[in-house]
Amino acid sequence: PPSSSGQRNSMISTSNTSGSKTISDHPRLNMHLVDQPELRRYITGMRFLSILLATIASSLIGQTAKAEKPNIIVIMADDLGYGDIGCYGAKPENLKTPNIDKLAANGLQFTSGYCSASTCTPTRFSFLTGKYAFRQNNTGIAPPNGPAIIQPGVETLPSLLKRAGYATAVIGKWHLGLGGPSGPDWNGELNPGPREIGFDYNYLLPTTNDRVPQVYVVNHRVKNLDPMDPLWVGRKKPSADHPTGLTHRDTLKMDWSHGHNSTIHNGISRIGFYTGGHAARFRDEDLADEWVKQSNKWIETNRDNPFFLFFSSHDLHVPRMPHERFHSTSGLGFRGDAVVQLDWCVGELVKTLDRLNLSKNTMIVFCSDNGPVGDDGYKDGALEKMADHRPNGPFSGGKYSVLEGGTRTPFITYWPGKITKGITSEIVCTIDLAASFAALTGVKMPADACPDSFDVMDALLGKKDAKGRSHLVQQDNGKGGNYGFRAGKWKLQRHDTKRKRNAVVINKLTNTPTPRFALFDLSKDKQEEKDIASQHPKVLERMKQRLQKIIDAGRSRPMN
Ligand code: NG6
Ligand code: CA
């Protein structure tokens, strides 16, 4: 398991801005012996011109020398916990993740790498916009018919990268809504969507696979939709005889445990109802293969561009139904098998980069959208088969919680030859990728863009003495709920709504009452079990105020 202290040894050399003298320093232009007015005007004009040229030249040199344009792949796992990966402490007898471990061994592994929320939609919103999701309505877990959450015109990670000349794509789970205020027009144009906020191409699962419908959205359309069999998606049972997880429970190949008892597809009942679109429907088992296939194709097509691929895996979200060849490959049932499938995907993407000779010019970020969960609505044996596996590693809590396990997740950067290998305890978050990649690629960010995204690129590259963030707000779901606030070793919990410690994760089902504010010292208490607020009233007060200030200010990225 990784040590908590950073251990970086060598420094990465990046090309430096040119310190050469500008042409206005040339001695010949500094003559002062000329008397003739014409010649003087001429010289003054020349001097002005030369200064102008020098300024342009130096700014151009500065930009090209500083900006690097590697290909970028962000692999975001779904519901993957800190302890679910070999290099983060998963025991091999439970789970083997050789491909992800290889990324870490040849890259940089973060022990304080975070996503910004403990559910999917808010983390993804923040990852793309660089803005804390608690600042905006409508950022809680998106329903099947939810409209686009990120509005066209908002600066996003892909829109910034497009300005740097990148080809951009998202392949995989979306869960950020599609269409105008009335929601997606499933049989027509699904607009706005990813293409309106900076992606050139999308190949999506619209929400989550436990929500209807099970169809791919390619650019603005449902793929393979037969107009004679239109797709209908709704919240109410469409007819009295429509089979559901309640009426046809005995036909299910995976039973539900809570919710998830509406329309049945592929032997699994879901959240929400749908009819039609039969030719467009996919099998759960084929999702990962399809996304790898489409990603490989897209990478190959764009091999000569700088490209940005958001590979948005559905593993290990429920329903956990990996391809048959992965069944029983972990010791942990479907949940573990889905991790093995995820690891396979990572291996395939790396293979493609190697095959196309792109590895040395591609930076990969591997991360998760929230912490782990055991039973998330299906009886897939996750809890029963957990044995001594600890999906949240040394932390407590997981998905839905502001405890560390909710947002502290695997976070690995990989760029052969560029990243200083090792393990680091610097704090970084998926919300920082927008500002960090903008800085790397030399794109200037408008002052009001990505208000909570910090440029931590040097820390992501493992540069010597580079610092990550000094503080981070963690949240559970949507606007105004519960917060975690980490600053150094201190962690403040603020419960505005639930007033419960939500640790319904994994082995123990604790949902105990909590005070509105609680304070923990993470250096001694990773589990956040000992509230020391009363011993440290000044720290408590300072932390409360800092958090409130960040909430009120509407931004936390310094103006520059
Ligand atoms: C919850 C679902 C859960 C999961 C989650 C979203 C029920 C009872 N629970 O409402 O199964 O779908 O939403 O997960 O329906 S997330 O990772 O996309 O945020
Ligand atoms: Ca998730």
Side-chain angles (χ1 to χ4, degrees), residues 74-82 84 114-128 133 138-146 149 172-178 204-214 235 244-246 254-263 268-273 284 287 310-321 334-335 338-339 342 366-380 382-383 391-392 397-402 405-411 430 474-479 481-482 498 502 504-506 511:
V74 174
I75 303 173
M76 187 176 275
D78 200 345
D79 299 2
L80 179 76
Y82 188 93
D84 278 324
Y114 289 85
C115 45
S116 53
S118 58
T119 52
C120 168
T121 303
T123 281
R124 287 155 197 266
F125 169 84
S126 300
F127 155 59
L128 290 177
N138 233 346
T139 54
I141 298 170
N145 269 334
I149 292 170
K173 168 172 162 175
W174 183 235
H175 211 186
L176 287 166
L178 290 168
L204 307 174
L205 163 71
T207 57
T208 56
N209 210 17
D210 58 343
R211 285 170 175 74
V212 296
Q214 278 53 61
R235 286 168 65 172
T244 69
L246 288 170
M254 183 186 276
D255 197 7
W256 51 272
S257 58
H258 52 273
H260 303 98
N261 53 22
S262 301
T263 293
I268 300 169
S269 51
R270 322 268 167 167
I271 299 173
F273 299 92
D284 307 64
L287 271 185
F310 173 25
F311 183 87
S312 180
S313 170
H314 191 260
D315 293 319
L316 35 163
H317 198 282
V318 297
R320 298 165 185 136
M321 189 45 69
F334 284 128
R335 186 177 182 280
V339 179
L342 167 70
F366 177 84
C367 55
S368 176
D369 72 339
N370 52 251
V373 55
D375 179 342
D376 205 17
Y378 291 96
K379 294 183 187 168
D380 58 11
L383 282 175
N392 50 4
K399 187 171 180 176
Y400 312 116
S401 143
V402 296
T407 51
R408 208 194 289 201
T409 35
F411 199 113
T430 47
Q474 304 148 287
Q475 66 167 103
D476 50 3
N477 187 28
K479 185 176 177 178
N482 305 294
K498 278 192 201 130
N502 190 343
V504 241
V505 196
I506 324 190
N511 218 351

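Order of listing sets the numbers, starting from 1, for every ligand and every atom in it. All of these numbers come straight from a predicted model, not from anything done at the bench. The figures that follow rest on heavy atoms only: side chains count, while hydrogens, waters and symmetry mates do not.
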Main chain of Val402, side chain of Ser118: is a donor-acceptor contact present, judged purely on distance under 3.5 Å? no
Contacts of Ser312 that satisfy side-chain hydrogen bond (donor to acceptor under 3.5 Å, both in side chains) - sequence neighbours left out: Arg124
Ignoring waters, protein N/O/S atoms under 3.0 Å from the Ca ion (ligand 2) are Asp78 OD1, Asp79 OD1, Asp369 OD1, Asp369 OD2, Asn370 OD1
Could I get the full list of ring-ring contact (aromatic ring centres under 6.0 Å, His included) partners for His175, not counting sequence neighbours? none
Mark yes or no for whether Asn477, through its side chain, and Ile141, through its backbone, hold a donor-acceptor pair below 3.5 Å. yes
Check whether the ring centres of Phe310 and Phe127 lie less than 6.0 Å apart, and answer yes or no. yes
One thing to verify: whether Arg335 and Asp79 come together as a salt bridge, which I'm taking to mean a side-chain N less than 4.0 angstrom from a carboxylate O. no
What residues sit with at least one heavy atom under 4.0 Å from ligand 1? Asp78, Asp79, Thr119, Cys120, Ile141, Lys173, His175, Thr208, Asp210, Arg211, His258, His260, Ile271, His317, Val318, Asn370, Asp376, Lys399, Tyr400
Find the distance between NE2 (His260) and CZ (Arg211) and round it off to the nearest 0.5 Å. 6.5 Å
Using only atom types and a distance under 3.5 Å, with no angle test, would you say the side chain of Thr119 pairs donor to acceptor with the backbone of Asp476? yes
Keeping Gln475 on the side-chain end and Ser116 on the backbone end, is there a donor-acceptor pair under 3.5 Å? no
